[in-house]
Protein chains: 2
Amino acid sequence: MAGASQGRRRAVHSLEAVIGEAIALLDEAGEGALTFRALASRLGGGVASIYWYVSSKDELLDRATDQVVVDHLERTEDLPRAADPLAGLRELAVALFDDIRLHPWMGKYMMRDAEAQPHVMIAYERLGEQVMRLDMSPRDTFHAVSAVLGFVIGTAIDLGQEPPAGADLAAGDRDSGLEAYAETWRALDPEKFPYIHLIIEEFVGHDDAVQFRAGLDLILEGLRRTSAGEPGADD
Amino acid sequence: MAGASQGRRRAVHSLEAVIGEAIALLDEAGEGALTFRALASRLGGGVASIYWYVSSKDELLDRATDQVVVDHLERTEDLPRAADPLAGLRELAVALFDDIRLHPWMGKYMMRDAEAQPHVMIAYERLGEQVMRLDMSPRDTFHAVSAVLGFVIGTAIDLGQEPPAGADLAAGDRDSGLEAYAETWRALDPEKFPYIHLIIEEFVGHDDAVQFRAGLDLILEGLRRTSAGEPGADD
DNA sequence: ACCTGAACACCGTTCAAGT
DNA sequence: ACCTGAACACCGTTCAAGT
């Protein structure tokens with residue numbers, strides 16, 4: 001009986017398995033849940049084994065982020081479908097935002113190390129190629145792409161922020177969270193906080209995706225005007 | 001001789017000292033350097049004492065962030081100086097961005113918990129009051145403020161990202177860092193990466209502040225057009 | 001009321017040893 | 001070539017005890 005199967009002593013891994021389980025752990029339970037010990041037990045092996053595939057937790061996170069971008073690029077291969085460069089830019093930005101939102105932990109890492117995340121470069125390139133069609137100077141082109149990218153990733157990070165440990169994520173979760181904020185704000189003096197009072201009801205039940213698109217459209221509208229107004233302008 | 005000064009046995013702290021030293025530690029050595037043990041030794045006391053003033057590291061970071069915002073509000077009390085609402089919005093956004101950049105660690109925490117950071121609310125309110133002068137619907141007003149805020153904080157976070165542990169921050173520091181990236185990019189196939197090649201030289205030696213202002217101006221230009229075009233538009 | 005050292009339950013990372 | 005348990009040097013947080 002000593003060996004119904006004499007295997008199972010040593011677990012067998014692969015880089016794909018390590019990265020895949022890391023992504024699953026991050027998606028399911030958030031950034032705090034990604035521990036070498038937790039990851040090892042998911043893989044059915046020992047902690048130290050992970051270091052055969054990855055030399056640090058930083059590298060693990062870089063590789064996990066890059067892998068998500070690989071999937072994103074695959075999924076959006078045939079974008080943009082629009083003839084208009086700004087419409088094309090919009091499609092790409094929206095698709096990127098939506099995919100980052102599915103993995104709220106990754107925004108933080110996307111801008112950290114271009115060399116460790118080779119595919120992020122390709123996503124930038126695709127956005128840039130749409131902007132190039134506006135025929136602006138290299139500098140204006142660079143600034144426009146940086147603005148869109150900063151807005152996409154920045155907004156995704158803001159919205160993906162994990163609430164501090166204390167927060168009560170019991171029942172209505174998100175809705176009740178928004179409502180709890182609104183409650184506090186309604187208590188503020190309307191004389192001193194006219195803006196807050198103006199938008200409280202908009203804030204309650206607002207849709208992150210709608211909010212993102214509205215902001216993106218402001219940038220795109222500005223870009224449309226700017227690129228039409230000063231063809232080839234410098235500095 | 002047993003007590004030239006019999007004090008010094010027990011250190012004496014205050015909430016201000018705890019928060020102040022925490023901010024100093026974060027500014028000087030980055031987020032990784034803020035440890036209860038490091039903070040305690042700066043304060044000249046024991047680790048556990050900090051818990052008298054603050055109930056967790058999360059609270060410490062919330063309070064540190066709020067304190068920086070307090071200083072920012074004080075420093076910019078008499079802004080905006082411009083009569084034009086968009087110019088006023090621009091002044092406020094630029095000032096906020098510049099102050100966040102002085103404390104690169106804080107961007108991440110600014111959007112995390114409005115209740116724990118009462119003064120962040122005031123900064124939002126000030127931005128909102130400028131946008132209100134454009135006489136748009138509550139929804140459009142909310143979206144515009146959210147877009148500006150998302151861009152300010154998001155860009156600040158992106159730029160404030162600490163490079164992963166490995167990075168060589170030896171001599172030329174930032175410049176050589178940019179140049180190292182550029183080197184990698186120049187090696188990319190120009191056929192497949194026309195955008196990257198177009199902007200490499202713009203990227204090298206680019207100024208974060210200039211880049212931020214360019215993006216902000218796109219949003220403001222879009223906002224100017226949108227608010228002029230559809231006075232009081234809904235949905 | 002405020003401060004303390006020592007302990008607890010965790011981390012990421014290393015290493016000598018196994019197969 | 002790949003996997004392992006045990007150890008190391010850290011963390012944030014708690015607690016019983018001091019003043």
Side-chain angles (χ1 to χ4, degrees), chain A residues 2-3 5-22 25-26 29-64 105 108-109 112-113 116 162-167, chain B residues 2-3 5-22 25-26 29-64 105 108-109 112-113 116 162-167:
Chain A
S5 84
Q6 34 79 283
R8 210 234 72 130
R9 252 290 126 68
R10 285 162 60 97
V12 49
H13 307 320
S14 69
L15 182 57
E16 294 77 51
V18 170
I19 304 303
E21 290 299 328
L25 206 43
L26 288 161
E31 214 170 333
L34 180 61
T35 297
F36 275 71
R37 284 165 177 85
L39 182 55
S41 93
R42 263 183 99 111
L43 290 163
V47 221
S49 315
I50 299 168
Y51 284 90
W52 181 259
Y53 296 96
V54 123
S55 73
S56 70
K57 195 174 182 182
D58 269 337
E59 187 184 329
L60 179 62
L61 282 161
D62 279 330
R63 283 193 191 275
W105 49 272
K108 278 206 274 303
Y109 301 101
R112 202 177 54 171
D113 188 345
E162 295 187 62
Chain B
S5 85
Q6 32 80 283
R8 211 236 71 131
R9 251 288 125 72
R10 284 161 60 99
V12 50
H13 307 321
S14 69
L15 182 57
E16 294 77 49
V18 170
I19 304 303
E21 290 300 327
L25 206 43
L26 287 161
E31 212 169 334
L34 180 62
T35 297
F36 275 72
R37 284 165 178 84
L39 182 54
S41 94
R42 264 184 98 112
L43 291 163
V47 222
S49 314
I50 300 168
Y51 285 91
W52 181 258
Y53 297 97
V54 122
S55 73
S56 71
K57 195 173 182 182
D58 268 336
E59 186 184 330
L60 179 62
L61 281 160
D62 279 330
R63 283 193 190 275
W105 49 271
K108 278 206 274 304
Y109 301 101
R112 203 176 52 169
D113 189 345
E162 295 187 63

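So that the names make sense, note that chain A is the first sequence line, chain B the second, and so on, each numbered from 1.
Whole-Å rounding puts the A:Leu60 CG to C:dG12 P distance at 10 Å. Remark: P of C:dG12 and CG of A:Leu25 are 11 Å apart, rounded to the nearest angstrom. When rounded to the nearest whole Å, the span between CG of B:Leu34 and C1' of D:dC10 equals 15 Å. Residue A:Phe36 contributes atom CZ, which lies 16 Å from atom C1' of D:dT4 at whole-angstrom precision. Distance CG (B:Leu61) to P (D:dG12): 10 Å, rounded to an integer number of Å. Rounded to whole Å, atom P of D:dT13 lies 11 Å from atom CD1 of B:Ile50. The distance from atom CG of B:Leu43 to atom C1' of C:dC3 is 12 Å, rounded to the nearest whole Å. Regarding A:Lys57, its NZ atom lies at a distance of 12 Å from the C1' atom of C:dC10, rounded to whole Å.
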Start with the C-alpha gap between B:Arg63 and B:Val18, add the side-chain angles, then the distance that decides, and say whether side chain to side chain contact (heavy atoms under 4.5 Å, CB included) holds.
CA-CA 10 Å; B:Arg63 283 193 190 275; B:Val18 170; over 6 Å; no
For DNA chain D, the expected dot-bracket line (Watson-Crick or G-U under 3.5 Å, [ ] crossing, | inter-strand) is ||.|||||...|||||.||
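Nearest nucleotide to the side chain of A:Arg37, out of C:dC2, C:dT4, C:dG12: C:dG12. Of the listed nucleotides (C:dC11, D:dC2, D:dT13), C:dC11 has the atom at the smallest distance from the side chain of A:Thr35. For A:His13, whose side chain is taken as the heavy atoms from C-beta onward, the closest listed nucleotide among D:dT4, D:dT13, C:dT13 is D:dT4. If you check C:dG12, C:dC2, D:dG12 against the side chain of B:Trp52, the one that comes closest is C:dC2.
Of all heavy-atom pairs spanning A:Gly44 and A:Ala11, the tightest one is O-CB, 3.2 Å. Contact record, B:Tyr53 with B:Glu59: O-OE2, 4.1 Å, taken as the closest heavy-atom pair. Shown here for B:Ala38 and B:Ala33, the closest heavy-atom pair between the two residues is CB-O, 3.8 Å. B:Ala17 approaches B:Leu43 most closely through the heavy-atom pair O-CD2, 3.9 Å.
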What string of B, S and - do you get for nucleotides 14-19 of chain C, 5' to 3', if B is base contact, S is sugar-phosphate-only contact and - is no contact with any protein heavy atom under 4.0 Å?
BB--BB
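Not one N or O on the side chain of B:Tyr109 forms a donor-acceptor pair closer than 3.5 Å with the backbone of B:Ala64. Side-chain atoms of B:Lys108 do not come within 3.5 Å of backbone N or O of A:Lys108 as any donor-acceptor pair.
Proximity of A:Asp113 to A:Asp58: side-chain heavy atoms (C-beta onward) are nowhere separated by under 4.5 Å.
Ring orientation note: the planes of B:Tyr51 and B:Phe36 are close to parallel, at an angle under 30° on the 30°/60° scale.
Distances shown here put every side-chain N or O of A:Ser49 at or beyond 4.0 Å from the OP1 or OP2 atom of D:dC2.
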